[in-house]
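Working notes for the structure below.
Every chain is numbered from 1 and lettered A, B, ... according to where its sequence line falls, protein lines coming before strand lines. Keep in mind that what you see is a predicted model, and the values were worked out from it rather than measured.
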There are 2 protein chains.
Amino acid sequence: MIAPTHLQLFNNIKNKIYKGLLKPGDMLPSENELAEEYNISRVTVRKSLSLLEQAGYIYSAPGKGYFIREPVTNKYILSFNEMNNTNGQSIFSKLLEVNVIPPDADLMNELKLPEERYVIVIKRLFFSDNTVVAYDEKYMPYEKGLPLVEREIKCATFPELACKNKSLFSIKKSLKIRSTTSQGNISKLLNIEDNHPLLEIEQKLYTADNKVIGWSKTYYLSEFLELNAYWSFGQNSYEMNDMSE
Amino acid sequence: MIAPTHLQLFNNIKNKIYKGLLKPGDMLPSENELAEEYNISRVTVRKSLSLLEQAGYIYSAPGKGYFIREPVTNKYILSFNEMNNTNGQSIFSKLLEVNVIPPDADLMNELKLPEERYVIVIKRLFFSDNTVVAYDEKYMPYEKGLPLVEREIKCATFPELACKNKSLFSIKKSLKIRSTTSQGNISKLLNIEDNHPLLEIEQKLYTADNKVIGWSKTYYLSEFLELNAYWSFGQNSYEMNDMSE
DNA sequence: GAGTGGTCTAGACCACTTG
DNA sequence: AAGTGGTCTAGACCACTCT
């Protein structure tokens with residue numbers, strides 16, 4: 001099988017990077033030089049370079065040239081879904097409490113409420129195979145007309161709850177991950193001894209313009225949830241023929 | 001400021017997605033239709049669509065058309081660096097032990113050693129501001145000529161240790177994140193009581209062809225390390241003029 | 001002023017999906 | 001057979017950098 005020209009050049013340069021023939025900081029030949037060297041059009045060269053840039057191998061400095069990037073090694077892809085653990089077992093939830101309350105100072109701060117507005121509280125227990133695996137508290141600024149149908153709350157993930165009628169594309173989410181141990185009330189709810197290790201995941205949801213629309217903390221039994229993350233270059237495997245030089 | 005044509009079309013379509021005028025599953029007009037509608041060349045249309053595809057908004061089905069994607073909501077960007085916590089405080093390490101040992105069954109399994117090969121063990125304590133913050137164990141298949149200079153081991157992150165003379169581009173890394181509590185020996189090393197919450201991070205390093213070249217576990221004091229992850233679309237803010245319709 | 005990347009055009013051929 | 005996206009070409013103009 002013959003690869004398209006732009007992929008051949010893409011792989012050619014990528015391989016030189018892997019082999020160390022091109023090191024971070026090095027400059028690539030110019031677009032015109034590459035086009036001439038490989039007898040292809042400049043447009044095709046640009047296609048190859050664009051792929052390398054997307055994949056993070058190189059960057060372009062207009063007026064100067066293309067350079068090999070220092071690989072970013074501290075950003076990982078993390079998989080996380082409230083309603084599924086890593087093994088894909090789905091989670092069922094039981095509502096403990098749904099309320100509309102006036103926020104305390106802490107909540108007003110976390111939700112960055114501009115004025116004193118009512119806040120929806122949802123407390124749930126998560127089950128997998130009829131065993132309690134997590135406890136969950138969520139807070140959302142109250143908006144008129146927000147549906148609070150029990151069935152929805154039981155099955156919905158946080159974005160689904162907070163983003164009714166909003167495009168899922170337009171929100172931002174952040175996670176904070178901590179290790180804690182169970183104490184008092186949480187121990188009782190989760191039906192465990194005190195000092196049991198818990199994975200605490202704090203979620204925040206924002207609109208595109210950075211308004212906080214949701215804040216939650218979920219406490220997972222450590223034996224139930226283990227988070228996975230990975231890092232690798234060139235996830236898109238264009239592993240094909242190199243271009244002959 | 002006038003945006004380039006392809007960015008205008010890019011934003012135009014992106015905004016339609018945000019507003020919900022285009023929903024996941026919907027088909028876009030064909031390249032030729034868009035080119036005619038906006039009086040631009042097909043190449044420029046393709047540039048816009050390519051950007052939307054990169055950003056995850058759409059995908060192309062050759063022979064059919066372009067479609068709006070269901071947003072992937074369970075993949076986050078996680079920042080993690082052994083030698084820096086999230087606040088950027090750097091970490092110093094103290095070597096406890098460096099050894100070359102014959103692997104036990106567990107190690108052979110984790111490192112997927114094809115035969116019985118010697119393994120390098122490195123045990124370290126991490127300090128920040130003269131306080132112990134983590135304990136770390138690393139295992140790497142022994143290779144002749146691997147440098148074990150003490151100074152290097154003290155300062156190096158795992159990839160740097162295991163990938164001497166290899167291109168950092170060509171490796172893969174995976175993390176597993178768990179919550180545990182300190183017990184026995186680890187409590188002593190970290191100078192804490194038993195049952196103290198710890199964030200356990202297990203790292204594995206692979207070559208491009210999936211050979212395991214390193215395995216490690218690091219136990220962080222929960223009060224020292226909190227992991228951060230985030231999710232958002234269109235991180236690259238091309239927020240500029242929309243294209244007039 | 002020569003060279004670099006950034007943008008855009010018009011036109012061509014292909015392999016594929018659809019009716 | 002008509003339409004779709006995928007690939008590639010040759011040529012043009014721009015803003016920028018470097019010397």
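The CD1-P distance, from B:Ile58 to D:dT4, rounds to 15 Å in whole Å. To the nearest angstrom, P of C:dG6 lies 6 Å from CD of A:Glu31. Distance A:Met27 CE to D:dT17 P: 15 Å, rounded to the nearest Å. A straight line from CD of B:Gln8 to C1' of C:dT7 spans 12 Å, rounded to a whole angstrom. Straight-line distance from the CZ atom of A:Phe67 to the P atom of D:dT17: 12 Å, rounded to whole Å. Note: CG (B:Leu7) to P (C:dT7) measures 7 Å, nearest angstrom. One can place OH of A:Tyr59 at 13 Å from P of C:dG6, the figure rounded to the nearest angstrom. Computed from coordinates, the A:Leu51 CG to D:dC8 P distance equals 11 Å when rounded to whole Å.
Using a 4.5 Å heavy-atom threshold, the side chains of A:Tyr38 and A:Asn12 count as touching.
Looking at every heavy atom in both residues, B:Leu51 comes nearest to B:Phe10 through CB-CD1, 3.4 Å. Contact between B:Pro141 and B:Gly214 at its shortest, heavy atoms only, is CD-N, 4.5 Å. In plain terms, the two heavy atoms of A:Ala229 and A:Tyr76 that are nearest each other are CB-CB, 3.8 Å.
Two residues, B:Pro62 and B:His6, neighbour DNA chain C, and the one matched to the more 5' nucleotide by heavy-atom proximity is B:His6.
Ring geometry, B:Phe80 versus B:Tyr220: the interplanar angle exceeds 60°, so the pair is classed perpendicular (tilted spans 30 to 60°). Ring geometry for A:Phe169 versus B:Tyr57: interplanar angle of 30 to 60°, hence tilted.
In this structure, A:Lys64 reaches the D:dC18 phosphate: one of its side-chain N or O atoms is under 4.0 Å from OP1 or OP2. Taking 4.0 angstrom as the limit, B:Ser60 places a side-chain polar atom (N or O) nearer than this to OP1 or OP2 of D:dG6.
Ranking C:dT4, C:dT7, D:dG5 by closeness to the B:Tyr66 side chain, first place goes to D:dG5. Minimum atom distance to the side chain of B:Arg46 is reached by D:dT7, of the listed C:dG5, D:dT4, D:dT7.
In this structure, B:Gln8 CD and B:Thr44 OG1 are separated by 11.0 Å, a value rounded to the nearest 0.5 Å.
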| task | Whenever both distances are under 3.5 Å in a Watson-Crick or G-U wobble pair, mark it; put DNA chain D into dot-bracket that way, with [ ] for crossing pairs and | when the partner is on another strand. | result | |.||||||||||||||||.
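For A:Glu82 (side chain) and A:Phe158 (main-chain N/O), a donor-acceptor pair under 3.5 Å exists by modelled atom type.
Side-chain polar atoms of A:Lys173 and B:Ser232 form no donor-acceptor pair below 3.5 angstrom.
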| task | Take nucleotides 9-15 of chain C nucleotide by nucleotide from the 5' end and write B, S or -, depending on whether a protein heavy atom sits under 4.0 Å from the base, only from the sugar-phosphate, or from neither. | result | BB-B---
